[in-house]
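Contents: one structure, followed by commentary.
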Amino acid sequence: MRIVMVGAGYVGLVSGACFAEFGVDVCILDTDAAKIDALRAGRIPIYEPGLESLVQENARDGRLSFTTDLAEAVQGADAVFLAVGTPSRRGDGHADLSFVFAAAEQVAKAAKGPLVLVTKSTVPVGTGRKVHDIVRAARPDLAIEVASNPEFLREGSAIGDFMRPDRVVIGTMEGEGGERAMKVLRRLYRPLNLIEVPILATVIETAELIKYAANAFLATKITFINEIADLCEKVGADVHDVARGMGLDGRIGRKFLHAGPGYGGSCFPKDTLALARTAADFGTPIKLVETTIAVNEARKAGMADRVIAACGGSVAGKTVAVLGLTFKPETDDMRDAPSLVVVPRLAEAGAVIRAFDPAGMDHAKPLLPGAVHYATSALDAIAGADALVLLTEWNEFRALSPDRLRRAMRGDVLLDLRNVYDPEAVRAAGFRYSSIGRP
């Protein structure tokens with residue numbers, strides 16, 4: 001089989017490389033010539049563990065290619081996947097679908113034969129029908145079937161998520177065209193039959209809504225445990241034990257019950273907002289999701305206030321070391337990261353910021369200009385600091401013992417906003433210590 005992935009971003013590149021690993025002939029298309037040139041040379045524009053070798057190996061073996069030429073790419077393709085951006089639209093929070101619609105029309109005009117056009121991008125319910133109308137208007141003479149195949153990739157573990165997914169969701173239109181599209185997509189995912197991955201076949205609207213509903217639920221779960229963490233601090237309970245006690249209940253599960261400074265990243269912020277806006281438009285507001293969004297934004301701001309309070313009510317003239325800038329470890333993604341709120345607020349309060357992140361500093365620099373010194377290592381960041389704030393739980397930070405941290409610093413304030421360090425070891429090292437949801 002031969003497929004085209006439109007978009008060489010995170011979703012398109014990971015999905016394309018993994019399909020190639022399945023033995024599919026994959027062409028990744030992007031309008032950014034510099035990005036395509038870099039990929040042809042084996043340079044990966046994003047940080048994702050294992051992706052560089054996967055791309056290089058499949059390109060070397062001839063299963064994975066890159067181009068900027070749409071007409072060339074779609075020739076002989078069984079399916080074309082749209083993996084373009086759907087950012088929050090300025091002003092109203094709705095998903096901006098302009099890239100999806102433009103790409104769909106361009107693919108339809110360039111196609112020479114029948115194919116399946118698949119939305120891999122996260123799109124609001126109803127988008128597939130609109131794509132279908134666009135394609136039919138552009139090419140009434142050609143059998144182009146529209147389907148939805150949402151991705152469920154976690155940054156930092158995306159390859160494993162694709163190769164060993166919890167489920168594959170495929171949404172198609174009614175009738176013979178939908179049956180043809182389903183047959184093509186089932187063939188593409190046939191290698192997963194060996195590990196008995198469930199394939200959920202639905203109508204296209206259901207597939208679109210599954211992705212938003214799943215992300216909104218997980219975001220709500222994160223926000224819930226963060227609010228429980230605040231209560232734990234007031235009553236002397238330990239949120240880690242609370243989360244474990246909850247997670248052992250099979251109806252709840254242990255994942256996404258880690259208290260911290262709030263969720264960020266490429267999915268949860270924009271997807272919760274888009275779902276809330278879509279529901280409001282249809283007259284069925286989802287108040288729980290709307291509240292989740294508001295609480296999460298307030299929590300990020302509250303983290304900066306927590307740092308200031310731990311430093312005696314003022315950080316003016318003090319050096320604050322910040323370890324971790326990306327929204328989570330094992331990625332260079334800065335989108336909606338808590339650091340984008342915490343660091344500027346501390347700088348505005350007069351702090352001198354020394355920051356280090358193993359992968360995200362190049363992306364952070366244009367987003368956090370001004371009073372931030374970017375260190376060469378974690379120990380360089382904390383050298384002589386009055387206070388240390390841990391914002392992202394990279395493993396290399398876990399490896400630094402509290403004793404070593406204390407010896408490198410001038411001050412004695414440690415704010416572990418990801419609950420990485422053992423509280424007793426931190427206090428034994430001589431720190432005035434503040435964590436999330438612990439007495």
Side-chain angles (χ1 to χ4, degrees), residues 10 14 44-52 153-161 222 226 240 255-268 300 303-304 306-307 319-343 346 353-365 367-368 372-383 385 387-409 413-423 425-426 429 431 433-438:
Y10 190 87
V14 172
I44 308 302
I46 59 175
Y47 179 88
E48 177 64 33
L51 182 59
E52 182 174 357
L153 306 179
R154 296 168 298 167
E155 295 185 45
S157 56
I159 294 172
D161 289 342
I222 293 169
N226 282 340
H240 273 219
K255 294 182 179 180
F256 290 86
L257 287 176
H258 304 289
Y263 62 77
S266 61
C267 293
F268 288 177
K300 293 177 186 178
M303 292 300 102
R306 182 186 291 252
V307 174
T319 298
V320 177
V322 176
L323 295 186
L325 296 170
T326 54
F327 85 96
K328 63 180 287 188
E330 301 300 333
T331 180
D332 58 359
D333 198 338
M334 288 292 300
R335 283 174 286 187
D336 283 288
S339 64
L340 297 178
V341 177
V342 174
V343 170
L346 293 177
I353 308 295
R354 293 178 58 84
F356 175 74
D357 188 281
M361 290 197 292
D362 286 343
H363 293 285
K365 287 174 182 177
L367 301 173
L368 294 170
V372 179
H373 171 77
Y374 293 93
T376 58
S377 67
L379 288 176
D380 179 38
I382 66 177
L388 167 60
V389 181
L390 192 138
L391 272 178
T392 314
E393 64 277 30
W394 287 88
N395 280 335
E396 68 178 78
F397 301 156
R398 297 178 189 274
L400 295 171
S401 70
D403 282 332
R404 192 175 185 186
L405 295 173
R406 184 68 185 88
R407 289 195 300 270
M409 292 174 59
V413 175
L414 191 158
L415 290 103
D416 182 3
L417 302 185
R418 294 290 186 177
N419 285 330
V420 166
Y421 301 115
D422 176 68
V426 171
F431 277 110
Y433 177 67
S434 178
S435 63
I436 297 290
R438 280 175 151 167

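Throughout, residue positions are numbered sequentially from 1 according to the sequence presented.
By the side-chain hydrogen bond (donor to acceptor under 3.5 Å, both in side chains) test, Arg404 is found to be paired with no residue, residues two or more places apart in sequence or in another chain being considered. Taking the salt bridge (charged side-chain N to carboxylate O under 4.0 Å, His left out) definition, one finds that Asp422 meets it with nothing, sequence neighbours left out. With sequence neighbours left out, Ala408 forms a side chain to side chain contact (heavy atoms under 4.5 Å, CB included) with Ile382. Partners of Lys328 by salt bridge (charged side-chain N to carboxylate O under 4.0 Å, His left out), not counting sequence neighbours: none found. Glu48 pairs by the side-chain hydrogen bond (donor to acceptor under 3.5 Å, both in side chains) definition with Tyr10, not counting sequence neighbours. For Asp333, the salt bridge (charged side-chain N to carboxylate O under 4.0 Å, His left out) partners at least two apart in sequence or on another chain are Arg335. Listed by chain and number, the residues in a side-chain hydrogen bond (donor to acceptor under 3.5 Å, both in side chains) with Arg306 are Glu233 (sequence neighbours excluded). Residues satisfying the side-chain hydrogen bond (donor to acceptor under 3.5 Å, both in side chains) test with Thr331, not counting sequence neighbours, are Glu155. Scanning for side chain to side chain contact (heavy atoms under 4.5 Å, CB included) contacts around Pro358 gives Phe356, Trp394, Glu396, Phe397, with sequence neighbours left out. Looking at residues two or more places apart in sequence or on another chain, you find a side chain to side chain contact (heavy atoms under 4.5 Å, CB included) between Val341 and Lys300, Ala301, Arg345. Residues passing the salt bridge (charged side-chain N to carboxylate O under 4.0 Å, His left out) test with Asp161, sequence neighbours excluded: Arg154. Applying the side chain to side chain contact (heavy atoms under 4.5 Å, CB included) rule to His258 yields no partners; only residues at least two apart in sequence or on another chain are considered.
Tested against Val372, the residues Leu346, Ile353, Val322 include a single side-chain contact (heavy atoms from CB on, under 4.5 Å) partner, Ile353.
When all heavy atoms of Ile44 and Leu51 are compared, the closest pair comes out as CG2-CD2, 3.9 Å. The two residues Arg354 and Ala383 come nearest to each other via the heavy atoms NE-O, 4.3 Å. Scanning all heavy atoms of the two residues, the minimum distance from Asp357 to Leu325 falls at OD2-N, 2.7 Å. Here the shortest heavy-atom pairing between Leu323 and Ala381 reads CD2-CB, 4.1 Å. For Tyr421 against Leu400, the heavy-atom pair with the smallest separation is CE2-O, 3.3 Å. Shortest non-hydrogen contact noted between Pro338 and Arg418 is CG-NH2, 4.3 Å.
Using bins of under 30°, 30° to 60° and over 60° for the plane-to-plane angle, the ring pair Phe268/Tyr263 lands in the perpendicular bin.
Residue Leu405 holds its CG atom at 9.0 Å from CG of Asp403, rounded to the nearest 0.5 Å. Residue Thr326 holds its OG1 atom at 10.5 Å from CG of Leu340, rounded to the nearest 0.5 Å. Here Leu391 contributes atom CG and Phe327 contributes atom CZ; the two are 14.0 Å apart, rounded to the nearest 0.5 Å. Once rounded to the nearest 0.5 Å, the distance linking OG of Ser434 with CG of Leu417 reads 7.0 Å. Interatomic distance, Arg438 CZ to Asn419 CG, rounded to the nearest 0.5 Å: 4.5 Å. Separating the OG atom in Ser339 from the CE atom in Met303 is a distance of 13.5 Å, to the nearest 0.5 Å.
Side-chain contact between Val426 and Asp416 is absent, with no heavy atoms from C-beta onward closer than 4.5 Å.
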